[in-house]
2 protein chains.
Amino acid sequence: MRQEDQHEVRQLPLFSGMTQENFSRLMRAAYVQTFPPQVELLREGDRSDFLHVVIEGSVELFATWNGRETTMSVARPVSTFILAATIQDAPWLMSGRTLEKSRIVLLPSEDVRKVFAIDNVFARAVVSELARCYRGVLKDAKNLKLRSSTERLANYLLRWQKAHGGGARFELGLEKRRLAARLGMTPENLSRAIRALREEGVSVNGMTVEITDQARLSAFARPTPLIDDPNL
Amino acid sequence: MRQEDQHEVRQLPLFSGMTQENFSRLMRAAYVQTFPPQVELLREGDRSDFLHVVIEGSVELFATWNGRETTMSVARPVSTFILAATIQDAPWLMSGRTLEKSRIVLLPSEDVRKVFAIDNVFARAVVSELARCYRGVLKDAKNLKLRSSTERLANYLLRWQKAHGGGARFELGLEKRRLAARLGMTPENLSRAIRALREEGVSVNGMTVEITDQARLSAFARPTPLIDDPNL
DNA sequence: ACCGCTGTTTGACATTTATCAAGCGGCGGC
DNA sequence: GCCGCCGCTTGATAAATGTCAAACAGCGGT
């Protein structure tokens, strides 16, 4: 495993506090792999052999039931996924596939659990990360239950804009049909929602979004930190 | 604080592993309070002065946005709530109100965080609990995104039945309008969903449910452990 | 036993969302 | 440069869900 990849992983709040010794222990049997797009990394129901860390690219986490499929989230660099399942040695609740060519670090679950058992700094970092994830899905569930699809889109755009410098013009960064699934709607409806937001100060052209009337969009979206602030 | 109340709390996996010394430390400034129904215990956006433990009764955790309100979950004895917010000293993402007369143990957040900082057994128990909660909401979100309202109801009944002994006849244990909110629908629609399930082997009379055709209901609901197993 | 409150049910209707089918348009391969 | 593929858009229509209003039912208080 390359030094700079280890470095990337080490940067994460989850790993940054622990002793070098325990970090090395985690990294000893870890390896990096580059996957082409559309590779299924995890299948829901399976168990966790490795904790995954996306170093480059992006991974879609999705779930299926009864022939239907929906996107739950998209993991982007640098972040881990399926931490909860790894720690608990429980089956995955989501499947995962690469969306683009992606570099993924794989940490053997067994090692993660071992280090978790002996390293208290790491254990505490796991708490922080799990709390963050928990609050993340909770916000997602609130979003789904309290807002209409167009409102979800409007707020998504505002969040994404903020996360990418806050400029009036930015890239969507996700295929529209996946964005639709992420937001809990069909691609057709996403199209119509985008159309509807033209009246609210948004202009979308392909993957490029331009907020033409920030105040108007905000007034329509009515974002609240209790749903839309990713740091809360 | 009464001895038997402490005992109840001590039973929880979250607290059962820690030393008596640290447990006492947690309990030193803790107190029990009995609330009448419909008391607002928490308001979303506020911060956590106490970790709450329901000893008796039940607490509805709900969220609001833009004049709308929805029920996210119902905490029943014996369980804690708002653990994530307490540990992180972050604002609550949900409000909470008692549904019935309820006995609640209040543990000062400051103490919880202090003991968390020094007690590794407790810290690890917190990890387990957070992982459980995370997976819980995640299952909820899958439920919402992948199933229709009638399907959610059908699966809810099956889960509830299992959790209460598995007999053909059981009580709903929740006002219908709150169940409706919990399942992400209106009371009117819950009524119609109940009606629809008559064809699928369910008979509801007031708060009493009878599964008249278990196989038929299961075939309709198509439960999966990856959404419906509370232990996963 | 009656009254009145409150939660539930029902029906008619509106809105939102999904589905199906067709057309459009950009992009890569030939 | 042209073709064909794939994803996006659009329109028509259907299904699911929400809203509003009224009727109903159970229950506690008097």
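Any value given below was found using the heavy atoms of this structure, including those in side chains, with hydrogens, waters and symmetry copies removed. In what follows, chains carry the letters A, B, and so on, assigned in the order in which the sequence lines appear, proteins first and then strands, with residues in each chain numbered from 1.
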| query | Rounded to the Å, how far apart are A/N189 CG and C/dC20 P? | reply | 14 Å
| Can a cation-pi geometry be assigned to A/R147 and B/W65, taking NZ or CZ under 6.0 Å from the six-membered ring centre and within 45° of the ring axis? | yes
| query | For A/S191 and D/dC8, is the shortest distance between a side-chain N/O and OP1 or OP2 below 4.0 Å? | reply | no
| said: From CG of A/L153 over to C1' of C/dT16, roughly how many Å is that when rounded to an integer? | reply: 15 Å
| request: Answer with base, sugar-phosphate or nothing: what part of the nucleic acid does A/T150 contact at a heavy-atom distance below 4.0 Å? | output: nothing
| request: Dump the intermediate steps for side-chain contact (heavy atoms from CB on, under 4.5 Å) on A/T150 and A/L197, then the final yes or no. | output: CA-CA 8 Å; A/T150 310; A/L197 287 187; 3.8 Å; yes
| said: For a quick test of reading the model: is some side-chain N or O of A/T186 closer than 4.0 Å to OP1 or OP2 of C/dA18? | reply: yes
| said: At less than 3.5 Å, do the side-chain atoms of A/E188 and the base atoms of C/dC20 form a donor-acceptor pair? | reply: yes
| request: Identify, between A/R195 and A/M207, the residue whose nearest nucleotide on DNA chain D lies closer to the 5' end. | output: A/M207
| query | Rounded to whole angstrom units, what separation is found between the CZ atom of B/R177 and the C1' atom of C/dT9? | reply | 15 Å
| query | Say you draw a straight line from OG1 of B/T71 to CD of B/E60; how long is it, rounded to the nearest 0.5 Å? | reply | 3.5 Å
| field | Pair B/F170 + B/H164: ring centers closer than 6.0 Å | value | no
| query | Starting at CZ of A/R147 and ending at P of C/dT16, how long is that distance when rounded to a whole Å? | reply | 16 Å
| said: Tell me the interatomic distance from B/L190, atom CG, to D/dT19, atom C1', rounded to whole angstroms. | reply: 16 Å
| field | Gap between atoms CD1 and P, on A/I194 and D/dG7 respectively (whole Å) | value | 16 Å
| query | Could you state the CG-C1' distance from B/L144 to D/dT17, rounded to the nearest angstrom? | reply | 14 Å
| For A/F62, is the NZ or CZ atom of A/R97 found under 6.0 angstrom from the centre of its six-membered ring and inside 45 degrees of the ring axis? | yes
| query | Taking the nucleotide of DNA chain C with the closest heavy atom to each, which residue, B/R192 or B/E175, is nearer the 5' end? | reply | B/E175
| query | Starting at NZ of B/K176 and ending at P of D/dC27, how long is that distance when rounded to a whole Å? | reply | 12 Å
